[in-house]
Amino acid sequence: MAEVPAAEVPQAEKDELFCVYATMILKDSELDLSEDNINTLIKAAGGSIEPFFPSLFAKMLVGKDLDSMLKLGGGGGGGPAAAGPAAGAAAGGAAPKAEEKKVEEEEEEEDMDFDLFG
């Protein structure tokens, strides 16, 4: 969405984003996730959205555990990667070969003229 000018984003997506951001702000502020609070926050930010969105979001959030949905860094992908080289070193030095191969792959990626973010 960063590559799309704000004027080209469909209104329905803007409405949804307003509700999502308002909900996260309300949750972070430990306020009630109600239709009224969502509307108040969106209006305070200078936004205007279709009237059904705040109601939809408020009803959708009833009984949901937002804390578990909003946790950051819960991927756990670092564990197996850290165990790999240690196991390779214990087996007799297989880890350095894998490291060299990985470095070569990274260098190949750097040589490309493609920039995902720029």
Side-chain angles (χ1 to χ4, degrees):
M1 195 165 109
E3 294 293 323
V4 179
E8 294 180 16
V9 176
Q11 187 60 41
E13 287 183 31
K14 290 179 186 177
D15 293 353
E16 184 176 347
L17 287 171
F18 264 126
C19 287
V20 169
Y21 293 142
T23 301
M24 288 192 297
I25 291 168
L26 291 169
K27 177 64 180 166
D28 191 48
S29 301
E30 298 179 2
L31 296 171
D32 187 32
L33 303 176
S34 68
E35 178 181 357
D36 290 336
N37 284 349
I38 293 171
N39 270 323
T40 301
L41 191 55
I42 291 170
K43 287 178 183 175
S48 64
I49 64 172
E50 293 290 328
F52 72 90
F53 267 103
S55 174
L56 177 71
F57 268 76
K59 288 177 183 177
M60 179 182 67
L61 296 172
V62 172
K64 301 289 190 278
D65 182 17
L66 290 182
D67 290 328
S68 66
M69 291 182 196
L70 298 174
K71 282 186 181 177
L72 300 175
K97 290 180 185 177
E99 260 183 41
E100 290 174 12
K101 191 174 189 179
K102 184 177 181 181
V103 170
E104 288 176 16
E105 289 177 14
E106 289 176 4
E107 289 175 2
E108 288 176 14
E109 290 175 7
E110 290 174 4
D111 293 337
M112 296 174 62
D113 288 321
F114 174 76
D115 185 8
L116 181 63
F117 300 106

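Just so it is clear, the values below take in all heavy atoms, side chains as well, and ignore hydrogens, waters and symmetry mates. A quick note: this is a predicted structure, and the numbers were derived from the prediction, not measured. Along the sequence shown, residues are numbered consecutively beginning with 1.
The distance from atom OG of S29 to atom CG of N37, rounded to the nearest 0.5 Å, is 10.0 Å. Note: F53 CZ to I38 CD1 = 12.0 Å, rounded to the nearest 0.5 Å. Rounded to the nearest 0.5 Å, atoms CD1 (I25) and CD1 (I42) are 9.5 Å apart.
Linking Ile, Leu, Val, Met, Phe, Trp and Tyr residues whenever their side-chain heavy atoms come within less than 4.5 Å places F52 and L17 in a single cluster.
Considering only residues two or more places apart in sequence or on other chains, L33 meets the side chain to side chain contact (heavy atoms under 4.5 Å, CB included) condition with T23, L26, K27, L61, L66.
No donor-acceptor pair closer than 3.5 Å links the side chain of K14 to the backbone N or O of G47.
Sorted pairs that involve residues 28-57 and meet salt bridge (Lys or Arg N to Asp or Glu O under 4.0 Å), not counting sequence neighbours, are lacking altogether.
Summarising the geometry of F18 relative to S48, their closest heavy-atom pair is CE1-N, 4.5 Å, with the distance given to 0.1 Å. When all heavy atoms of A58 and S34 are compared, the pair lying nearest together is CB-C, 4.0 Å.
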**Item:** Criterion side-chain contact (heavy atoms from CB on, under 4.5 Å) on V20 and F57, from CA distance to verdict
**Value:** CA-CA 8 Å; V20 169; F57 268 76; 3.6 Å; yes

